[in-house]
Amino acid sequence: MSAFASLFGKETLIGLDIGSAYMKAVQVEPSKGRVKVARAAQHKTPADAVRDGIVVDKAAVGDALRQMLKTAGISATGAVTAVSGPTVTVRHIKLPKMPEAALKKSARYEASKYLSANVEDSAIEFDILGPCPDAEDQMNVMLVAAPREMVESRVAAVEMAGLEAVGVDVESFALQRALVDCNVGAFSDGGMRALVDMGAAHTEVTILNGTAFALTRSIPIAGDSFTNVFKSQLRCSAEEAEQHKAAADLLLLLDGSGTAEELEGARLLQPMLDELLREIRRSIHYYQSQLPEGSERAALQEIILSGGTAQMRGIPEYMKARLGTEVVRGNAFSNPFFETHAESAGFLQEQHPRLMIGLGLAAKDALPATAAPAPAAVAVAAPVLA
Ligand SMILES: Nc1ncnc2c1ncn2[C@@H]1O[C@H](COP(=O)(O)OP(=O)(O)OP(=O)(O)O)[C@@H](O)[C@H]1O
Ligand SMILES: [Mg+2]
């Protein structure tokens, strides 16, 4: 919090999802036990400014963020942002029982047993979840690690936009917060679900065991892969390829309807999409293979989609037909827990798949005590950050 803001108690935070294709901002306010979505905005990320999750052009992203907030009328003092992708590690581990202070001291040593990356180059956070039921002297711990450069570049971009970087979370946790923790009643069957965030550079699969985080995996097939199919097959510009992609209707692949021209777009997408679905299925099978034999929780209840690529026409229906499981677009804005303004309701409903991570980041401090806490974030200022 800036000195000025803290003096007058006017700290206002936003959730900032800095994607490789789009930046999304969401501002919320607590409202009588619920959460009011005050404002939301999105803007194209400057070209090539975010690569492999790292903000490589911090000044360009900082400027664009500032512009986006100004245009949307969002005034804030700080932001919570997040990391994701194949270089981010989120793992349940078991450690000998020790107090939190001792764990902080040995964080790098303990983390080095689980990370392939150099711990010196990683931001590391541990969250003690509780005692381990099957081993008295052990405790269950969530390990979160991300390349230091990824975390620091996001903090720098936020600061260049004139905001304080209040925390760096994990995108999967933010999604879980928006879609599950704020709506626990809908998940009371305790079944297994997959949150699948389909962005531009990658698709992140997060498996939930009831309302509990189980694992996350990043797949390098997403919106850019589909745009590139059109670019190479039709030899067209990126802009034209985006238009072809948005026009393609995957439903036509299921019922065979449509003219040859209409079918062409969906057919061009199909092999890449099927490859992505194979990878999603593999992630689910991997998790199922870790469960005890005959486990009641091994059946997948549902796949919940988010991210801009989840806006592809007919994608829930196509996935449902191919994977044989319920597939929906997750929309926290239809949960009465989130209150929306009449004037922004249209934008939020139309763009909801892209705004779920930003919403989960913004809701981090606004959740009432009744909502289940999501696992700890990689707190920027926390001393444990190695
Ligand atoms: N209506 C649509 N139909 C098909 N694709 C769409 C549609 N709207 C957006 N997209 C695609 O969604 C992607 C952007 O989604 P999103 O904002 O979730 O990505 P991102 O967060 O920037 O990416 P990443 O998280 O992978 O870095 C782009 O590839 C874009 O082409
Ligand atoms: Mg994204």
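All values reported here derive from a predicted model rather than from experimental measurement. Every number for a ligand or one of its atoms is a count from 1 in the order of the listing.
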Out of curiosity, I207 CD1 to R217 CZ, how far, rounded to the nearest 0.5 Å?
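Rounded to the nearest 0.5 Å, the CD1-CZ separation comes to 10.0 Å.
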Hey, are R282 and Y286 close enough side-chain-wise for a donor-acceptor pair under 3.5 Å?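 Absent: no donor and acceptor within the cut-off.
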**OP:** Answer yes if the side chains of E350 and Q311 hold a donor-acceptor pair under 3.5 Å, and no otherwise.
**Re:**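 Per modelled atom types, E350 and Q311 side chains form no pair under 3.5 Å.
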- Should E326 and I303 count as side-chain neighbours, where that means a heavy-atom distance under 4.5 Å?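 Of all side-chain heavy-atom pairs linking I303 with E326, none is under 4.5 Å.
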Is S122 reaching over with its side chain to a backbone N or O of A145, donor-acceptor style, under 3.5 angstrom?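 No, because the side chain of S122 does not come within donor-acceptor range (under 3.5 Å) of the backbone of A145.
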**Message:** Once you measure the plane-to-plane angle for F338 and F333, does it fall in the parallel (<30°), tilted (30-60°) or perpendicular (>60°) bin?
**Reply:**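 The rings of F338 and F333 stand perpendicular, inter-plane angle above 60°.
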Sub-3.5 Å pairs, protein N or O with ligand 1 N or O:
from: ligand 1; atom 1: 8 (N); to: R354; atom 2: NH2; distance (Å): 3.0
from: ligand 1; atom 1: 10 (N); to: G308; atom 2: O; distance (Å): 3.3
from: ligand 1; atom 1: 12 (O); to: T309; atom 2: N; distance (Å): 3.2
from: ligand 1; atom 1: 15 (O); to: G308; atom 2: N; distance (Å): 3.2
from: ligand 1; atom 1: 17 (O); to: K24; atom 2: NZ; distance (Å): 2.8
from: ligand 1; atom 1: 18 (O); to: G308; atom 2: N; distance (Å): 2.8
from: ligand 1; atom 1: 19 (O); to: A200; atom 2: N; distance (Å): 3.3
from: ligand 1; atom 1: 21 (O); to: K24; atom 2: NZ; distance (Å): 2.8
from: ligand 1; atom 1: 22 (O); to: S20; atom 2: N; distance (Å): 3.3
from: ligand 1; atom 1: 22 (O); to: A21; atom 2: N; distance (Å): 2.8
from: ligand 1; atom 1: 22 (O); to: Y22; atom 2: N; distance (Å): 2.9
from: ligand 1; atom 1: 23 (O); to: A200; atom 2: N; distance (Å): 2.9
from: ligand 1; atom 1: 26 (O); to: A200; atom 2: N; distance (Å): 3.0
from: ligand 1; atom 1: 26 (O); to: A201; atom 2: N; distance (Å): 2.7
from: ligand 1; atom 1: 26 (O); to: H202; atom 2: N; distance (Å): 3.1
from: ligand 1; atom 1: 26 (O); to: H202; atom 2: ND1; distance (Å): 3.4
from: ligand 1; atom 1: 27 (O); to: S20; atom 2: N; distance (Å): 2.8
from: ligand 1; atom 1: 27 (O); to: S20; atom 2: OG; distance (Å): 2.8
from: ligand 1; atom 1: 29 (O); to: K245; atom 2: NZ; distance (Å): 3.2
from: ligand 1; atom 1: 31 (O); to: E242; atom 2: OE1; distance (Å): 2.6
from: ligand 1; atom 1: 31 (O); to: E242; atom 2: OE2; distance (Å): 3.3
from: ligand 1; atom 1: 31 (O); to: K245; atom 2: NZ; distance (Å): 2.7

